[in-house]
There are 2 protein chains.
Amino acid sequence: MKSMASTSEKILDIAQSLIVAGGYNGFSYADISAAIGIRKASIHHHFPTKAELVAVLVDRYRQQAETGLQALRAQVASPAEQLQFYLNYWDTCIRDAAQPFCVCAMLAGEMQMLPDEVASRVRAHFQSLAAWLASVLSAGAQQGLFRLNGRPEEEAQMLMASVHGAMLSARAFGDPGLFIAIISTQIAKLTK
Amino acid sequence: MKSMASTSEKILDIAQSLIVAGGYNGFSYADISAAIGIRKASIHHHFPTKAELVAVLVDRYRQQAETGLQALRAQVASPAEQLQFYLNYWDTCIRDAAQPFCVCAMLAGEMQMLPDEVASRVRAHFQSLAAWLASVLSAGAQQGLFRLNGRPEEEAQMLMASVHGAMLSARAFGDPGLFIAIISTQIAKLTK
DNA sequence: CATAACCTTCCTACTGGTAGGTAGATAACC
DNA sequence: GGTTATCTACCTACCAGTAGGAAGGTTATG
């Protein structure tokens, strides 16, 4: 038996896909209730408030991301390939429509009206992703794989913005292939 | 007498700032009602449904953008300066917190659950902005001002994604200066 | 000119439905 | 038996949207 997810994890899974689709204000306890066949009140048993639910959800997402990115850095030798794996991951997610958007990028758009406990966690994800990208770019530059115009931190911020912007464009145009098309143009500038 | 805005324009103004803050699902007729001191029902008189209100709002935004960008191309000679003016515009908006995000970028994130009449208009804005950027980059490349790696259309898509991603990062970090910092890194790659 | 018809705008009052959240009972499990 | 999970039933607040009318301006008609 592989996937015997607990109720609370099922709740988080559904909530996550709903947030990716419509943001913090785009889903309700009733939506989750209908999706997994449980009463609204039962969800409140697991997650007393919506803010708490989303805070836990972002924590889980952050931990998965952190784990995945660290594993990537440990198991893949070349910084260029590390970067490629990261971008391929998103390309696949977007093509599958499995998770066609980063949860934190989605929530970042609503930052101004997010509960503090959620907003701070979203910001933390942006920070750690930027740090990971900076370390990859820095290592790659030292090995002569990348040509950086500015400091690795600056280039990392730029790359992260490109990734999020490319997700947005792919969604706006309804064209999953647009993500990697845009990103490839960006990567070309780093490796050229 | 300068600014004697009509009621329906006041409604659109408030709705726009609310959308920029929290997206389509992040505002209500009651919010607008409270903001401009008019009853909810009166807003329905001007805009029967929410979908219609936002559709009109996006039309207005698109027309303003189109007008502004075409004027820029007509009045500013150098493509490099046209681009700089465009980016300065957003830098100022973000620093003033006047309009710290593009309405259409905000709505694009919620594309999947937007009414069709809104979604199609958002897509149209992305198309015309990409076209404008492509024409500026193309003209600039011919004058030897820009070094493009790919076709102007591809570079334009990339630049547009960077702009939207930079807006998102500035918001996520709560740092208005981050927008131009990210974009400058990007522009350096085009002019270098 | 006067008056009747109409139009625009805004109002109060309301509808059916949904939001997040709670209270308390019931069942299942260790 | 106590804990955990789920249930029914409910609450208050809010949602988008409607009905019907009051006030004032505009237009058409005599």
Side-chain angles (χ1 to χ4, degrees), chain A residues 1 3-58 60 106-107 110 112-119 121, chain B residues 1 3-58 60 106-107 110 112-119 121:
Chain A
M1 279 242 236
S3 63
M4 221 187 71
S6 69
T7 300
S8 51
E9 286 200 329
K10 275 193 266 183
I11 293 171
L12 292 175
D13 289 343
I14 295 291
Q16 186 162 325
S17 69
L18 290 170
I19 288 175
V20 165
Y24 188 86
N25 291 313
F27 81 102
S28 72
Y29 273 46
D31 294 332
I32 302 172
S33 163
I36 66 177
I38 200 179
R39 300 287 118 167
K40 250 189 351 159
S42 308
I43 303 172
H44 279 287
H45 168 71
H46 295 279
F47 304 101
T49 68
K50 191 179 183 180
E52 199 166 317
L53 192 165
V54 177
V56 171
L57 184 156
V58 174
R60 189 184 70 152
M106 195 69 196
L107 292 172
E110 306 174 287
Q112 292 176 327
M113 49 161 53
L114 246 33
D116 290 347
E117 51 200 310
V118 177
R121 286 167 165 85
Chain B
M1 278 239 236
S3 61
M4 221 187 71
S6 70
T7 301
S8 50
E9 285 199 332
K10 275 193 264 182
I11 293 171
L12 293 174
D13 288 342
I14 295 292
Q16 186 162 326
S17 70
L18 290 170
I19 288 175
V20 165
Y24 188 86
N25 291 313
F27 81 101
S28 72
Y29 274 46
D31 293 332
I32 301 172
S33 163
I36 65 176
I38 200 181
R39 298 288 116 168
K40 244 182 10 145
S42 307
I43 303 172
H44 279 287
H45 167 71
H46 295 279
F47 304 99
T49 68
K50 193 178 181 179
E52 198 166 319
L53 193 164
V54 178
V56 171
L57 185 155
V58 174
R60 188 184 69 152
M106 195 69 195
L107 292 171
E110 305 174 287
Q112 293 176 327
M113 47 162 54
L114 247 36
D116 290 347
E117 49 200 312
V118 177
R121 286 168 165 85

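Below, read A as the first sequence line, B as the second, and so on, with proteins coming before strands; counting in each chain starts at 1.
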Can you tell me how far P of C:dC7 sits from NE2 of B:His46, to the nearest Å?
-> 17 Å
Atom CD1 of B:Ile32 and atom P of D:dC14: how far apart are they, to the nearest Å?
-> 16 Å
Round to a whole Å and report the spacing from OH of A:Tyr29 to P of D:dA13.
-> 20 Å
Can you check the A:Lys40 NZ to C:dT22 P distance for me, whole Å?
-> 11 Å
Below 4.5 Å, heavy atoms only, C-beta onward: do A:Lys10 and A:Ile38 meet side chain to side chain?
-> no
From the list B:Ile11, B:Leu18, B:Leu12, side-chain contact (heavy atoms from CB on, under 4.5 Å) partner of B:Ile14 resolves to B:Leu18
Grab the CD1-P distance between B:Ile38 and C:dC10 for me, whole Å please.
-> 4 Å
Side-chain touch A:Tyr24/A:Met106, heavy atoms, less than 4.5 angstrom | no
Measure from the side-chain heavy atoms of A:Lys50 and tell me the nearest of D:dA16, C:dG20, C:dC11.
-> C:dG20
Rounded distance (Å) that lies between atom P of D:dA5 and atom CZ of A:Phe47 | 11 Å
Answer with base, sugar-phosphate or nothing: what part of the nucleic acid does A:Phe27 contact at a heavy-atom distance below 4.0 Å?
-> sugar-phosphate
Can you check whether B:His45 has a side-chain N or O nearer than 4.0 Å to OP1 or OP2 of C:dT9?
-> yes
Among D:dG17, C:dC10, C:dG20, which is the nearest nucleotide to the side chain of B:Ser42?
-> C:dC10
Output yes when B:Arg60 and B:Asp13 qualify as a salt bridge under the 4.0 Å nitrogen-oxygen rule, no when they do not.
-> yes
In whole angstroms, how far is the C1' atom of D:dA5 from the CD atom of A:Glu9?
-> 16 Å
Consider the side chain of B:Ala41, meaning its heavy atoms from C-beta on, and name the nucleotide among D:dA16, C:dA13, C:dG20 that approaches it most closely.
-> C:dA13
Regarding the side chain of B:Ser28, the nearest nucleotide among D:dT6, C:dC10, D:dC15 is D:dC15
Does OP1 or OP2 of C:dT9 have a side-chain N or O of B:His44 closer than 4.0 Å?
-> no
Rounded off to whole Å, could you give me the CD1-to-C1' distance for the A:Ile43 and C:dT22 pair?
-> 15 Å
D:dA5 OP1/OP2 closer than 4.0 Å to side-chain N/O of A:Thr7 = no
Would a 4.5 Å heavy-atom cut-off, applied to side chains only, mark B:Phe47 and B:Leu57 as touching?
-> no
Could you tell me whether B:Ala30 contacts a base, only the sugar-phosphate backbone, or nothing, with contacts defined as non-hydrogen atoms closer than 4.0 Å?
-> sugar-phosphate
